[in-house]
Every structure is written in structure tokens, then in C-alpha cells.
Amino acid sequence: MPELPEVETIRSYLDSVLAGKAIMSVPHLDDRMVKRSLKNGAEIRAALVGQTFGSVRRRGKFLLLGLASSPDALMIHLGMSGRLVTESLDAPYRPHTHLVVRYSGGELRLSDPRRFGRIAWVESGGLWGPHLGMEPLSSAFSSKTLGEILKGRKVAIKSALLNQNLVAGLGNIYADEALFYAGIHPQRPAGSLDVDELKRLVRGIRAVLRRSIEHRGTSFSDYVDALGHPGENQGYLKVYGREGKACRRCGTPIQRQVVGGRSSHYCPHCQRLTETSSEGAHHAEI
DNA sequence: GTCTTTACCTGTATGC
DNA sequence: TGCATACAGGTAAAGA
């Protein structure tokens, strides 16, 4: 499931490979993947051919493939099961391949069985995609700014962290991991976090994202990087996908609970729903 | 505006 | 073995 670390891993590689490459042709583009776009499929193909790739950027989980001589860009979102890889011209297509961009030296290919991903043509840098929240790895992201974002909100903190309009890039895996790091129960009302909790949460979000980027992302089923290799962060997860297994901190079995329609994994001992003012507080009854 | 629910979509796992 | 059903979840639209 591509979240910020996975998308960043792909971005980093594509930026090093694609920048400066001439776009020869677009052999395939499935119109069903073009959603909320300034150009339709045929127009995107026409606009790309003859251009040269510029830098590859990321905003939240959105990838932005820039062009050397145009402010416009090709935006790609990988959804749940999207794979964006570079391959040699003679490599066989994977099933569910929806986009092929042939450049000098290879092909950029997007495959996405579930088709939750998205391709769109966007104009000039800032005004693309939905209105996205703060970048959690930016210097502007702090306990103060996060507190302002969450102030007054009654929704569960887990749901707030998944809301891309508030913070951009967290998905189910890293929201759970960050809340565990911070010792915060996923169902705590978002606006109820105190200063210490906000500080721990900001540290947690940064820590789990950076660690995963170092490990080239988390691969459970679908995700691979732009070279087609799985990531290695799955072995470092503390709660996600560990229902029933012992908490790595205290040994209590990890629980799974649906919060805001999404499964949430947490340690009922380390992440209590009742108010606790600091880490390692004494036991509290629920 | 905030929050919840539902739709989209298909591979995989589970149950009968 | 085969079929039906449930489940996974990122985004966005609809509903409350």
C-alpha cells in the first residue's frame, strides 16, 4: 500500500533516472485511469510526446512528473495496488498495465489491478490535485501547527491522521505506527491531545516515516519500488498487521479495532483510551 | 463546516 | 473442487 515512504522511494529513483530523458511515445494509456484531469487520455499522450522529463516531485502520496520545458506535469497516484516501474523495452507487460511511457532507454509503466490509482494532467506546480494538508517531513510540521490543525476536532485521532486535507501522506500503516510510538489510543478525539502528546505524535510520525524511507518502504502484498523490488520496512512494524502478537514494548497482545471504517492496530496497555499525562503512566481502568 | 458512510475495484482468504 | 462471500484500503462524493 503506497503511502508517503513508498511514494518517496519511487520518486527518488525516478527523479534520478527520468530527468533529462526524451519522451518518444506513449504506447498505452487507459482512459479509465484518467480522473479529475485537465486533459483526457488522448490529450495527455499528445502533450507528452516530444517533451523531456524534468524533475520528479512528491506531494503527500501524489507523484508529479515534471517536464523540462513546461510548467505542466503528469500527476500519478498509486492508489492501493499501483506499481510504477521502469523497465526495458522488451520486458513483458504485467497484467493490468494502464500506462506506458517510452523514453530514450526504457519504459515507465504503471500497473494497478484494483484501479484505485489515478492519472491526471496538472498545470503549474502548486495548483494540482486536491487541497492537501501539511507535509509531515517539512520543517513547518510541529506540535504547534499540528495542534492548530486538530484543535476542536472531535473525530478520532486515527481518522484525522488519515485525512489528507489535514496531514498529507499518512495511510493506515504509518498512522497506526505513529500512534503506537506516541502512546496514543487511535480513538482519542483529535482535539483532546495535550502538548506532550502532540510532541510525541509529531516525533512519532517523523520517526516512522523516516525509518521506512531508509528501508525503501513497507511491502505487504503489492508494493514494489520503481526497480520492482519490495521494501524492507515490514519487519520493523510495531503494531500494524500484528493482531494477537505480543507488543514489542510490553508483551500485551496487539488488538485490532475498526476506527472510522479502517482497521486500527494498537497496544491496549501502551495506548490507553483514558487520559494519561505522560508515557509510562500507571495502569488505568477502562 | 465537520463527520460518517458508501462507492470504486479486484486479488486473496475464508466458509460452506 | 467449486462457488459465494468477506475483506483489504486511498480517495472522493454523498449523506447526516
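We name chains A, B, ... by the order of the sequence lines, and we start the count at 1 in each one. It should be emphasised that the depicted structure is a prediction, and the values quoted were computed from it without experimental measurement. Atom set for the values below is all heavy atoms of this structure, side chains included, hydrogens, waters and symmetry mates excluded.
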Pairs: protein N or O with nucleotides 2-5 of chain B N or O, under 3.5 Å:
unit_1	atom_1	unit_2	atom_2	d
B/dT2	OP1	A/Arg153	NH2	3.4
B/dC3	OP1	A/Lys154	N	2.6
B/dC3	OP1	A/Val155	N	3.3
B/dC3	OP2	A/Arg153	NH1	2.9

Legend entry - Protein-nucleotide distance (A/Met33, atom CE; C/dG10, atom P), rounded to Å: 16 Å
Legend entry - All ring-ring contact (aromatic ring centres under 6.0 Å, His included) counterparts of A/His77, not counting sequence neighbours: A/Phe62
Legend entry - Distance in angstrom units between A/Leu162 CG and C/dT11 P, rounded: 9 Å
Legend entry - Distance, rounded to the nearest Å, where A/Leu4 contributes CG and C/dG10 contributes P: 13 Å
Legend entry - Pair A/Glu177 + A/Lys238, salt bridge at N-O below 4.0 Å: no
Legend entry - Nearest-0.5 Å distance, CD1 of residue A/Ile213 to CG of residue A/Asn233: 10.0 Å
Inset, instruction - Remember a base hit wins even if backbone is also touched, and classify A/Lys35 as base, sugar-phosphate or nothing at under 4.0 Å, heavy atoms. - result: nothing
Inset, instruction - Can you sort out the partners of A/Gln271 under side-chain hydrogen bond (donor to acceptor under 3.5 Å, both in side chains), two or more places apart, ordered by chain and number? - result: none
Below 3.5 Å between N/O atoms, which protein atoms pair up with nucleotides 4-7 of chain C? Just atom names and distances, please.
none

Inset, instruction - Give the rounded distance in Å between these two atoms: CD1 of A/Ile173 and C1' of C/dA8. - result: 11 Å
Legend entry - Separation between CG of A/Leu146 and NZ of A/Lys199, rounded to the nearest 0.5 Å: 13.0 Å
Legend entry - Summary of side chain to side chain donor-acceptor pair (under 3.5 Å) pairs that have at least one residue in residues 38-55 of chain A, sequence neighbours excluded: A/Gln51-A/Ser69
Legend entry - Terminal axes of the helix from B/dT2-C/dA16 to B/dC16-C/dG2 (five pairs each): angle between them, nearest 10 degrees: 50°
Inset, instruction - Would you mind reading off the distance between A/Asn172 atom CG and C/dT11 atom P, rounded to a whole angstrom? - result: 12 Å
Legend entry - Whichever hydrophobic residues join A/Met24 through chains of side-chain contacts under 4.5 Å: none
Inset, instruction - Please report, rounded to the nearest Å, how far the P atom of C/dG10 is from the CG atom of A/Leu132. - result: 14 Å
Legend entry - For atom CZ of A/Phe62 and atom C1' of C/dA12, their distance in whole Å: 10 Å
Legend entry - Working for salt bridge (Lys or Arg N to Asp or Glu O under 4.0 Å), residues A/Arg188 and A/Glu197: CA-CA 11 Å; A/Arg188 279 284 302 285; A/Glu197 289 171 324; 2.8 Å; yes
Inset, instruction - Name all residues meeting the ring-ring contact (aromatic ring centres under 6.0 Å, His included) criterion together with A/Phe180; count only those two or more places apart in sequence or in a different chain, and write none if there are none. - result: none
Inset, instruction - Can you measure from CG (A/Leu110) to CG (A/Leu74) and round to the nearest 0.5 angstrom? - result: 9.5 Å
Inset, instruction - Could you list all the side chain to side chain donor-acceptor pair (under 3.5 Å) pairs where at least one residue sits in residues 146-162 of chain A, not counting sequence neighbours? - result: A/Lys144-A/Glu148, A/Lys158-A/Asn172, A/Lys158-A/Asp176, A/Lys158-A/Ser264
Legend entry - ring-ring contact (aromatic ring centres under 6.0 Å, His included) partners for A/His28, two or more places apart: none
Legend entry - Heavy-atom closest pair, residues A/Ala168 and A/Pro136: O-CD, 3.0 Å
Legend entry - Residue pairs fulfilling ring-ring contact (aromatic ring centres under 6.0 Å, His included) with at least one residue in residues 228-251 of chain A, sequence neighbours excluded: A/His215-A/Tyr236, A/Phe220-A/Tyr240, A/Tyr240-A/His265
Inset, instruction - Round to a whole Å and report the spacing from CZ of A/Arg36 to P of C/dA13. - result: 4 Å
Inset, instruction - Give A/Tyr240 one of three labels, base, sugar-phosphate or nothing, depending on what nucleic acid heavy atoms sit under 4.0 Å from its own. - result: sugar-phosphate
Could you run down the sub-3.5 Å N/O contacts of the protein with nucleotides 8-11 of chain B?
unit_1	atom_1	unit_2	atom_2	d
B/dC9	O4'	A/Arg114	O	3.4
B/dT10	OP1	A/Arg115	NH2	2.7
B/dG11	OP1	A/His96	NE2	2.8

